[in-house]
Amino acid sequence: MAEKPKLHYFNGRGRMETIRWLLAAAGVEFEEELFETREEFEKLIQGGTLMYEQVPMVEIDGMNLVETRAILRYIAAKYDLYGRNLKEQAWIDMYVEGLKDLSDMIMYFPLSLPEEKEMNLAYILERATTRFFPVYEKALRDHGQNFLVGNQLSWADIQLLEVILMAEECKPSVLSGFPLLQEFKARISHIPTINKFLQPGSQRKPPLDEESMETVKNIFKFEHGMFLKNMGTIVAEY
Amino acid sequence: MACRPKLHYFNGRGRMESIRWLLAAAGIEFEEKFIESPEDLEKLRNDGSLMFQQVPMVEIDGMKLVQTRAILNYIATKYNLYGKDIKERALIDMYVEGVADLNEMILLFSICPPGEKDAKLALIKERTTKRYFPAFEKVLKSHGQDYLVGNKLSRADIHLVELLYYVEEIDSSLIANFPLLKALEARVSNLPTVKKFLQPGSQRKPPMDEKSLEEAKKIFKFK
């Protein structure tokens, strides 16, 4: 009997959350070992299981997988959430890479310098509603199907729902110009495994509050102004 | 007969170079349409050719693929450079993403303002010699095989060797204590397709100079 995957991270969303979503949607039970201090993180590093001394790390099928995308691709492929052929895989990859660009911005937003918060939020919302959401609305409109790719649930649908909910936390009415995304949100949320994950008490993590923000900063030793530094070329109009 | 892939980007390395390397290593001939002005980029956007209004974009097999990783994944899978099963693919992905992380630092270094260059360079050197090179040397040492995964050439080897060339451009002494990486670089460089790509006159792009940096800034509107 296979062991459950074991997730190593801090007790928050960060880069692990999409992995939690994917496993949950696939109906795969998982364990979590969540560190809370810099010392605990360093202990994990010293254990030698982190190839680049970084997390996320997931113990799965005898491997200590690191790098978010490597982990996500493995899970998606294993649980048939990666399309039926190479072309479908390509569409899924395009969609999830776009979603990651947006979700990274949202993820880094709490690290904004206070004087930049308003500007960064405006930027995130502008990008969400003019660059990213229109793409997914159009995809659904063009083929009229219930899922983004290949008329079946894939990694792209799961991550799109995740990012929609993150964006709504920034602005509840962010989907107001996107009727098909609103239907999509309702439809995907009702899939039993996903519905279960959305209930209180699941392993889904809440957004960072002031206190957990400080914890995260201490564990990972972030610098000030990390939002802009990490947005690199995304911040440029490009 | 299939059309050649067509690459849309500016005339420089940027985020397209790893795609050029992979196609070249796979022995695939490709065309390039260079974006030379902001207007060229606008035209691509207005044509609806760019899913997220961004390049790289590669026309291949009837699709207009965007997002560097989507493009690389497609090419690697199509040309059997992605391992034989999902476990090999997972290892390849782990290695490739580590390479991409260091590569990203080098990319951002090439376009950063002069005042930030020293700090970025120091971090790159430290990460290279303390984090990334040791990790890859360890993989090669652990199995003693010629290639990173599955005893067979994969995209992981190609991306890593590309990275080794960039590190060498920054500081050729950084690879000094990594004999297996040096051997991999030599081995992959001698593969006929790669050797051809490394010759002058190939579609491989040179490092960014002042002029191409100014051009990129104009096209992509960053400071």
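Per chain, numbering begins at 1; letters A, B, ... match sequence-line order.
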### Summary
Checking A:Leu160, A:Ile188, A:Leu140 against A:Phe147 for side chain to side chain contact (heavy atoms under 4.5 Å, CB included), the one that qualifies is A:Ile188
#### Entry: Side-chain heavy atoms of A:Leu72 within contact of A:Trp21, under 4.5 Å
no
### Query
Do you know which of A:Met63, A:Arg69, A:Met51, A:Glu53 has the most heavy-atom pairs with chain B at a distance under 4.5 angstrom?
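Answer, by heavy-atom pair count under 4.5 Å with chain B: A:Arg69.
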### Message
Heavy-atom pairs under 4.5 Å with chain B: which of A:Tyr52, A:Trp91, A:Tyr95 has the most?
### Response
A:Tyr52
Heavy-atom proximity to chain B below 4.5 Å, by part of [X]:
{"X": "A:Asn85", "answer": "neither"}
{"X": "A:Val135", "answer": "side chain"}
{"X": "A:Glu97", "answer": "both"}

### Task
Return the option, out of B:Ala70, B:Ala100, B:Pro134, with the maximum number of heavy-atom pairs under 4.5 Å with chain A.
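Heavy-atom pair counts peak at B:Ala70.
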### Message
Regarding B:Glu162 and B:Arg13, does a basic nitrogen lie under 4.0 Å from an acidic carboxylate oxygen?
### Response
no
### Pairing of B:Glu126 and B:Lys130 as salt bridge, 4.0 angstrom limit
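Salt bridge between B:Glu126 and B:Lys130, a charged N being under 4.0 Å from a carboxylate O: no.
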### Query
Where on B:Met63 is there a heavy atom nearer than 4.5 Å to chain A: the side chain, the backbone, both, or neither?
side chain
### Which residues share a side-chain contact (heavy atoms from CB on, under 4.5 Å) with B:Asp47, sequence neighbours left out
B:Lys43, B:Ser49
### Query
Do other residues, nucleotides or ligands put more than 12 heavy atoms under 6.0 Å from the CG atom of B:Asp118?
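No, because the 6.0 Å sphere around CG of B:Asp118 holds 12 heavy atoms or fewer from other groups.
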